[in-house]
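The structure under discussion appears below in the form of structure tokens.
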Amino acid sequence: MNHAIETMKNHRAFRHFKTSIAIPKEEMQTIIDCARQAASWMNGQHYTIINITNDELRGQIAALQPANPQIATCSTFLIFIADLHRSELCSQAYDGTFIAATHSDNLITAVTDASLAAQNAVVAAESLGYGTCYIGGIRMIAAQIIGLLNLPKNTFPLFGLCIGTPDIEMRVKPRLPEHTVYAENRYPDDQTLSDGLAAYEQTMTEFGEAREKLPYREKFARYYSITEQKNEPLIFEQGWLFGGRHD
């Protein structure tokens, strides 16, 4: 099997890393080079990657995310930022108004660009033999991250990425049935999706991942029943979306 395909099909998240093992500079550079080569809208590369190399800063971030102790133990911890700040500087250089930056499509663009870069980094790291783990919890502490990293307006921290040498082997997690996520020419009907979700719930129950405390569908039923705002006010404060220009 092609090595790149084998690497992607063997992906799983690692949350336990061997400590005090540094990634060689040349390998880390390769990972960043691959991330930077990802496709992007208009070649805007609307992201910034921040490598948390300061031990004290890494410790502060880990303390803010007690559910993700791997932040402190992995060899390298990267934070991916949705970034329109450079586009603002381009606008200033040519006397642009930058008013279109508040449109929702540009938030989607920046999130997409950052995600593509991050996935390139993951494939590169795993092809070099390292384990990885995304940290979506960074969004739960976005306000603190903005302060700690001195992020300017028109940026937003999206997620972290742990890279390191795994200390505990992990199984490849089953995925949703193909017919629930892949279709031709039209969206799948609800019965097809519901049957697939029920079957997958049973599959995941049998898989028995220790960190999953609820049946698959119930987990999402509970999550999407919470109405409290998460980051909307902070997103507006950072200059994203139309509301940010009028608050």
Side-chain angles (χ1 to χ4, degrees), residues 1-24 27-28 30-35 37-39 47 49 51-52 58 61-62 65-80 111-112 114-140 157-182 196-220 222-223:
M1 185 185 295
N2 176 283
H3 179 61
I5 292 174
E6 183 179 8
T7 296
M8 288 185 280
K9 293 186 73 171
N10 200 41
H11 168 75
R12 62 265 201 222
F14 291 92
R15 294 178 174 82
H16 301 274
F17 296 94
K18 295 180 180 179
T19 58
S20 304
I21 298 180
I23 297 176
E27 291 188 344
M28 196 63 233
T30 295
I31 292 169
I32 298 302
D33 288 346
C34 289
Q37 201 59 35
Y47 61 84
I49 307 167
N51 189 347
I52 309 300
R58 177 102 75 99
I61 296 170
Q65 275 283 288
N68 290 299
Q70 63 269 33
I71 292 173
T73 60
C74 62
S75 299
T76 296
F77 183 61
L78 306 176
I79 296 182
F80 285 77
V111 171
T112 301
S115 299
L116 291 172
Q119 191 60 19
N120 266 23
V122 164
V123 174
E126 292 181 358
S127 73
L128 292 170
Y130 297 107
T132 65
C133 182
Y134 283 114
I135 306 295
I138 287 299
R139 292 191 301 279
M140 303 301 102
L158 297 175
F159 48 81
L161 177 61
C162 295
I163 306 173
T165 302
D167 196 27
I168 296 176
E169 187 58 39
M170 298 294 291
R171 296 175 293 165
V172 176
K173 188 182 298 184
R175 288 315 199 212
L176 282 162
E178 181 178 297
H179 64 269
T180 66
V181 298
Y182 172 76
L197 287 166
Y200 186 63
E201 181 170 285
Q202 181 61 35
T203 297
M204 288 305 298
T205 298
E206 293 171 0
F207 184 73
E209 187 175 29
R211 68 193 304 267
E212 294 289 355
K213 307 302 182 185
L214 295 170
Y216 182 80
R217 290 174 297 176
E218 183 179 351
K219 175 176 67 172
F220 290 101
R222 292 194 184 193
Y223 181 83

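Atoms considered below: every heavy atom in the structure, side chains included; atoms not considered: hydrogens, waters and symmetry mates. Small disclaimer: the values here were computed from a predicted structure and weren't measured.
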Q | Chi angles and distances behind the side-chain contact (heavy atoms from CB on, under 4.5 Å) call for F77, I61 | A | CA-CA 10 Å; F77 183 61; I61 296 170; 4.1 Å; yes
(Q) Taking ring-ring contact (aromatic ring centres under 6.0 Å, His included) as the criterion, tell me which of F159, Y47, Y134 meets it with F80. (A) F159
(Q) With a 6.0 Å cut-off (strictly less than), is the heavy-atom count around CD of E209, excluding the residue itself, greater than 12? (A) yes
Q: Can you measure from CG (N68) to OG1 (T73) and round to the nearest 0.5 angstrom?
A: 10.0 Å
Q) Going through the distances and angles, do K173 and R175 end up as a side-chain contact (heavy atoms from CB on, under 4.5 Å)? A) CA-CA 6 Å; K173 188 182 298 184; R175 288 315 199 212; 4.0 Å; yes
Q: Decide yes or no for F17 and T165: does some side-chain heavy atom of the first lie under 4.5 Å from some side-chain heavy atom of the second?
A: no
Q) So how far is it from Y216 OH to Q202 CD, rounded to the nearest 0.5 Å? A) 15.0 Å
Q: Compare every heavy atom of L161 with every heavy atom of A118, then report the nearest pair and how far apart it is.
A: O-CD2, 4.4 Å
Q) How long is the span from the CZ atom in R15 to the CE atom in M170, to the nearest 0.5 Å? A) 6.0 Å
Q.
On a heavy-atom basis, which atom in I79 and which in P157 lie closest, and how many Å separate them?
A. CG2-CB, 4.5 Å
**Q.** From L197 atom CG to T180 atom OG1, the distance as rounded to the nearest 0.5 Å
**A.** 6.0 Å
Q: Can you measure from NE2 (H11) to OG1 (T132) and round to the nearest 0.5 angstrom?
A: 5.0 Å
Q. Do L78 and M28 come within less than 4.5 Å of each other through their side chains, counting heavy atoms only?
A. yes
Q | I138 to G160 - nearest heavy-atom pair and separation | A | CG1-N, 3.5 Å
Q | For the student: nearest non-hydrogen atoms of A13 and C133, plus distance | A | CB-SG, 4.4 Å
**Q.** Donor-acceptor contact present, side-chain N120 to main-chain C34, <3.5 Å
**A.** yes
Q: Evaluate the criterion side-chain contact (heavy atoms from CB on, under 4.5 Å) for residue pair Q70 and I135; output intermediate values, then yes/no.
A: CA-CA 9 Å; Q70 63 269 33; I135 306 295; 3.5 Å; yes
Q) Looking at R58 and I71, what are the two nearest heavy atoms and their distance? A) NH1-O, 2.7 Å
Q) Any donor-acceptor pair under 3.5 Å linking the side chain of R171 with the backbone of F207? A) yes
Q) Hey, does the side chain of E201 reach the backbone of R217 with a donor-acceptor pair shorter than 3.5 angstrom? A) yes
Q.
Counting C-beta onward and ignoring hydrogens, is there a side-chain heavy-atom pair between I23 and L128 closer than 4.5 Å?
A. no
(Q) Working to the nearest 0.5 angstrom, can you tell me the gap between I31 CD1 and S127 OG? (A) 8.0 Å
Q. Between A62 and A72, which heavy-atom pair has the shortest distance, and what is it?
A. CB-CB, 3.8 Å
Q. Would the number of heavy atoms belonging to other residues, nucleotides or ligands and lying under 6.0 Å from NZ of K18 be above 12?
A. no
